[in-house]
Protein chains: 2
Amino acid sequence: MGSLAAHRLRVQAMTQQKAGNPEPQVSSARDKVLERRRTILAAIRDAAIDEFASKGLIGASTQAIAQRAGLTKPQLHYYISSKEELYEDILVYILDEWRELFLTASTGDSPAEVIRAYVHKKLEYGRRNPKASRLFTTEIANGAPVLGRHWAPYQASTLEAVRLIQSWVDQGLVRPVDPLLFQMHIWAVTQHYADFEVQVRNMMHLGDGEEPDYERIEKEVASLFLRALGIE
Amino acid sequence: MGSLAAHRLRVQAMTQQKAGNPEPQVSSARDKVLERRRTILAAIRDAAIDEFASKGLIGASTQAIAQRAGLTKPQLHYYISSKEELYEDILVYILDEWRELFLTASTGDSPAEVIRAYVHKKLEYGRRNPKASRLFTTEIANGAPVLGRHWAPYQASTLEAVRLIQSWVDQGLVRPVDPLLFQMHIWAVTQHYADFEVQVRNMMHLGDGEEPDYERIEKEVASLFLRALGIE
DNA sequence: AATTAGTTTGACCGATTGATCAGATCGTTT
DNA sequence: AAACGATCTGATCAATCGGTCAAACTAATT
């Protein structure tokens, strides 16, 4: 359960401000140290996401993670407690980012607006964080052995979206669909563009420099689900 | 490029029938040996699919593969030439099975029939071969470093399906869609049910013994794409 | 100048990795 | 019975794995 930053007692202790020491000078020096540490931990996290995403939990080596982060192996182990815990921490970290990647609606938004916004948000995240996206896919495809203990928030957000879609159906705003499956389908299609970028590029016959036409993709994906709801 | 069966010259040599030796007796003895080998190779393949699917190329160990196949490690290495080649052979083997998993139509089939048949076929394969399905997903998600050299047939089948869908659009049988993206979307959704079974089960709140309602899933998935085409 | 907390280093641990080898073993064919 | 090709086995290889350790180092506090 340890956070990336504080896996050892002494490190944890240092994080707390000493009592009765309000001078800004002292705190400035401490802040310098803390920020340096934060920088290193961020580098470790980025390196680990890369490694884990392309090799998996078992295939990834701490050696390689250290190298990517510009550290030596013992140095890395000074900041983390174990490979498994680092992996779990990173999964939780990404999962936390994903809380906002669910169907949500402000009052007054039409179903079409909600779907379009969701598709846009999800595709954009995948385009900007392909590694994180693939790390998740690999974990889930392998049976979610680690993630399994952490997707309570995931379920909660899902349930909320289910209720939203069901309310559309009940009000007769859209054609009837299974809310849960419908949501999973959106997830599947948008996720596809992040996880299978190579396949997409290949099937589109794109060169190394070229980028997929994300505008057209977004339109087409949104259209798929809007038509299914009978609102396009 | 070695096949699973013949990575060594002597093994390869034995596969060929001796010239001028047509007796069924002799060939029966030889056949016995050959069939035994075939059995072992099949066991290796199944074991390797399991291992590679859940650990990835790097994470999988020949030790574990041997154990799953009921062999010792040196015994396994007698039949395969290297872990990498075994992995590649298996990818090609699965890819070959997938040739039939594309949109195809006999003359006279309506678009709705074709889509429904495709969704059915694809979902069923995923349900019956989840490991092979996930092995592929992991490989592609990791940038298809090995598969990259082998998906020419894949591309060909894709192109055929693109032409088929485009012809529907041109004839005014369906609402206009991007044929390539449309096909990828079907692929993405159906693949999802194989690769993310854990997630699906979790979101459906299924116990260990319960199975997802594949009939409803199939109906809902087909409906999604039929509505997008304006034919439901 | 001495002390201290935080960090880095190189050497090292037992375990496991993919793979090889010579020799033993097996069933068939001569 | 001898000879043969095919297969199996235990021992073993260098390389790498995740992780630890004491000692050296650095920078700030006293």
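Within every chain, numbering begins at 1; the chains are lettered A, B, ... in the order of the sequence lines, protein sequences first and strands thereafter.
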Rounding to 10°, can you tell me the angle the first-five-pair axis of the helix from dA1(C)-dT30(D) to dT30(C)-dA1(D) makes with its last-five-pair axis? 20°
Do the two ring centres, one from Tyr154(B) and one from Phe102(B), sit under 6.0 Å apart?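 Yes: the rings meet the under 6.0 Å criterion.
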I need the [atom1]-[atom2] distance between [X] and [N], as an integer number of Å.
X	N	atom1	atom2	value
His77(B)	dC13(D)	NE2	P	18 Å
Tyr79(A)	dG19(D)	OH	C1'	17 Å
Glu35(A)	dG6(C)	CD	P	18 Å
Leu76(A)	dT7(C)	CG	C1'	14 Å
Leu34(A)	dA28(D)	CG	P	14 Å
Glu84(B)	dT17(C)	CD	C1'	12 Å
Ile44(B)	dG18(C)	CD1	C1'	15 Å
Tyr87(A)	dC17(D)	OH	P	18 Å

Quick one: do Glu211(B) and Arg201(B) make a salt bridge, cutoff under 4.0 Å? no
Between Arg216(B) and Glu220(B), is there a side-chain N and carboxylate O pair less than 4.0 Å apart? no
Does the side chain of [Y] come within less than 4.5 Å of [X]'s, by heavy atoms?
X	Y	result
Ile115(A)	Phe182(A)	yes
Phe196(A)	Met184(B)	no
Gln63(A)	Leu76(A)	no

If I take atom CD1 from residue Ile217(A) and atom CG from residue Asp213(A), how far apart are they, to the nearest 0.5 angstrom? 7.0 Å
Distance test, side-chain N/O of Arg36(B) to OP1/OP2 of dT7(D), below 4.0 Å: no
Got a sec? Which of residues 53-75 of chain A come in under 4.0 Å of DNA chain C, heavy atoms?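 Thr72(A), Pro74(A), Gln75(A) - these, ordered by number, are the residues of the stretch whose heavy atoms sit under 4.0 Å from the strand.
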Side chains of Tyr193(B) and His185(A) only: does a donor on one sit below 3.5 Å from an acceptor on the other?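 Distance-only check passes for Tyr193(B) and His185(A).
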As a test of understanding, state which of Lys131(A), Arg134(A), Arg127(A) forms a salt bridge (charged side-chain N to carboxylate O under 4.0 Å, His left out) with Glu197(A).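 Answer after filtering Lys131(A), Arg134(A), Arg127(A): Arg134(A).
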To the side chain of Tyr78(A), which of dT7(D), dG19(D), dT7(C) is closest? dT7(C)
